[in-house]
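Comments concern the structure below.
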Number of protein chains: 2
Amino acid sequence: MKFGKRVADLDLTPPHAGILRAISMSEGMSQKALGGRLGIVPSRLVELLDELDQRGLVERRDDENDRRVYALHLTKKGGATLEALARVGREHQETLLAALTSQERELLASLLAKVAEEQGLTPGVHPGYAYLRRARRSRKGPGAQR
Amino acid sequence: MKFGKRVADLDLTPPHAGILRAISMSEGMSQKALGGRLGIVPSRLVELLDELDQRGLVERRDDENDRRVYALHLTKKGGATLEALARVGREHQETLLAALTSQERELLASLLAKVAEEQGLTPGVHPGYAYLRRARRSRKGPGAQR
DNA sequence: TATTGTTATACTCTATAACTATA
DNA sequence: TATAGTTATAGAGTATAACAATA
């Protein structure tokens with residue numbers, strides 16, 4: 001996962017990157033709304049936001065109308081990090097698609113966009129957030145030490 | 001992960017599917033060789049093979065020349081399961097690519113093949129086997145219960 | 001002493017459920 | 001009683017390291 005490596009240089013993980021981007025697109029949204037949009041369960045979102053908060057990238061401001069909710073905002077540093085992430089994304093894409101001409105890249109993008117749309121994916125939202133519980137594997141058995 | 005769901009109907013996971021296919025392509029190979037080819041560490045391979053062995057899909061036969069190694073073989077049932085997996089793969093692909101004409105599918109495949117080759121991927125080997133340790137995230141902080 | 005495979009153990013990621021504060 | 005967010009806990013997947021048998 002080359003992209004993850006690049007993001008790690010910013011002391012973040014790919015899930016963090018998606019959250020920063022989502023917040024920047026709708027500043028002030030609640031955790032509930034953010035989690036709903038990305039498909040992250042509340043408990044997981046809390047931890048990811050804690051980490052972003054801790055790094056000074058995101059602020060949880062009190063909502064005056066409803067004291068149960070936080071209004072999520074990017075800090076100045078958060079905005080700068082988002083720009084750095086955009087650079088990282090461009091670099092990653094350049095490396096990944098090095099084998100293709102720019103015409104081929106556009107073609108690939110349009111084919112994939114068709115597929116994504118037909119599959120009902122939301123643009124800008126990585127489907128990996130919505131985790132699907134795998135089937136339970138039964139365990140152990142043979143293979144004793146000879 | 002729709003493919004994983006389909007594979008789960010056969011009481012397997014995607015990693016199992018790749019192993020069955022790899023064994024069928026070189027019957028009799030050792031665990032070391034298999035793990036090397038797919039990029040699976042020995043301890044993980046043992047468990048995955050235990051599960052396949054237990055389901056009667058794979059046999060670990062003693063190698064006569066070197067009693068430390070096992071020669072891996074598909075059982076008859078393993079061969080049948082591999083065919084079922086091929087069907088599953090075709091169904092999955094059909095669903096995934098429903099938005100594309102067959103010409104577009106070929107085009108997509110050729111673009112992706114170019115990218116994969118340039119990236120040094122081995123045909124037939126899912127890159128997900130080679131796990132990359134993520135950067136350690138520092139933990140916890142704000143967000144105390146109000 | 002080196003190699004093949006196994007076991008023991010630890011760590012990461014993610015989910016479910018119980019809980020607190022507020023509505 | 002219902003909702004937003006948090007904490008506690010558990011489970012799945014994978015890795016590292018110590019180990020046994022054989023070379």
Side-chain angles (χ1 to χ4, degrees), chain A residues 1 4 8 12-16 18-19 28-51 53-54 58 60-72 126-146, chain B residues 1 4 8 12-16 18-19 28-36 38-51 53 58 60-72 126-146:
Chain A
M1 204 221 296
L12 294 175
T13 65
H16 292 129
I19 288 175
M29 82 198 307
S30 68
Q31 294 189 192
K32 186 84 194 308
L34 176 60
R37 172 161 180 75
L38 297 183
I40 307 181
V41 297
S43 64
R44 189 184 170 199
L45 187 55
V46 165
E47 184 172 347
L48 290 164
L49 285 173
D50 280 353
E51 290 158 349
D53 192 340
Q54 203 181 313
V58 157
R60 286 192 255 220
R61 298 190 195 150
D62 287 330
D63 181 309
E64 292 152 15
N65 300 40
D66 186 338
R67 292 178 45 208
R68 289 173 303 180
V69 332
Y70 283 131
L72 299 171
H126 196 294
Y129 282 116
Y131 186 84
L132 291 175
R133 169 69 67 227
R134 275 69 139 194
R136 206 162 263 90
R137 310 189 263 178
S138 14
R139 303 294 324 296
K140 295 290 159 175
Q145 195 73 266
R146 284 150 298 171
Chain B
M1 203 223 292
L12 295 174
T13 65
H16 293 128
I19 289 174
M29 81 198 311
S30 69
Q31 294 189 192
K32 186 85 195 310
L34 177 59
L38 297 183
I40 307 181
V41 297
S43 64
R44 187 183 171 201
L45 187 55
V46 165
E47 184 172 344
L48 289 164
L49 286 173
D50 280 353
E51 290 159 349
D53 192 340
V58 158
R60 286 192 255 220
R61 297 190 197 151
D62 287 329
D63 181 311
E64 291 151 18
N65 301 39
D66 186 339
R67 290 179 44 208
R68 290 173 303 182
V69 332
Y70 283 131
L72 299 172
H126 196 293
Y129 281 115
Y131 187 82
L132 291 176
R133 166 71 65 227
R134 272 71 141 194
R136 206 162 264 87
R137 309 190 261 180
S138 14
R139 303 294 325 296
K140 294 290 159 176
Q145 196 71 268
R146 284 151 294 175

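Here is how names work: the chains are called A, B, and so on, in the same order as the sequence lines, proteins then strands, and each is numbered from 1.
- In this entry the distance linking CG of B/Leu49 with C1' of D/dT14 reads 15 Å, nearest Å.
- Comparing A/Val41 and A/Asn65 against DNA chain C, the residue whose closest nucleotide sits nearer the 5' end is A/Val41.
- Taking atom CD1 on A/Ile19 and atom P on D/dG5, their separation rounds to 13 Å, with Å as the unit.
- Here the P atom of nucleotide C/dT7 and the CG atom of B/Leu48 are 14 Å apart, to the nearest Å.
- Residue-to-nucleotide contacts include no donor-acceptor pair under 3.5 Å from the side chain of A/Ser43 to the base of C/dT14.
- Phosphate proximity of C/dT20 to A/Arg67: absent, as no side-chain N or O sits under 4.0 Å from OP1 or OP2.
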Full working for side chain to side chain contact (heavy atoms under 4.5 Å, CB included) between A/Leu34 and A/Tyr70: CA-CA 11 Å; A/Leu34 176 60; A/Tyr70 283 131; over 6 Å; no
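- A straight line from CG of A/Leu34 to P of D/dA4 spans 14 Å, rounded to a whole angstrom.
- No hydrogens or angles were tested; on distance alone, a donor-acceptor pair under 3.5 Å links the side chain of B/Arg68 to the base of C/dT3.
- At a threshold of 4.5 Å between non-hydrogen side-chain atoms, the residues B/Val69 and B/Gln31 do not count as touching.
- Between the side chain of A/Asp63 and the backbone N or O of A/Asn65 there is at least one donor-acceptor pair closer than 3.5 Å.
- Distance A/Met29 CE to D/dG5 C1': 15 Å, rounded to the nearest Å.
- Note: CD1 (A/Ile40) to P (C/dT14) measures 9 Å, nearest angstrom.
- Between B/Val58 and B/Glu51, the closest side-chain pair of non-hydrogen atoms is not below 4.5 Å.
- The distance from atom CZ of B/Arg44 to atom P of C/dT9 is 21 Å, rounded to the nearest whole Å.
- Between B/Leu72 and B/Ile19 there is no side-chain heavy-atom pair separated by less than 4.5 Å.
- Here the nucleotide nearest the side chain of A/Pro42, chosen from D/dA4, C/dG5, D/dT6, is D/dT6.
- Between B/Gln31 and A/Asp66, the residue whose closest nucleotide on DNA chain C is further toward the 5' end is B/Gln31.
- In this structure, the CD atom of A/Glu51 is 11 Å from the C1' atom of C/dT12, given to the nearest Å.
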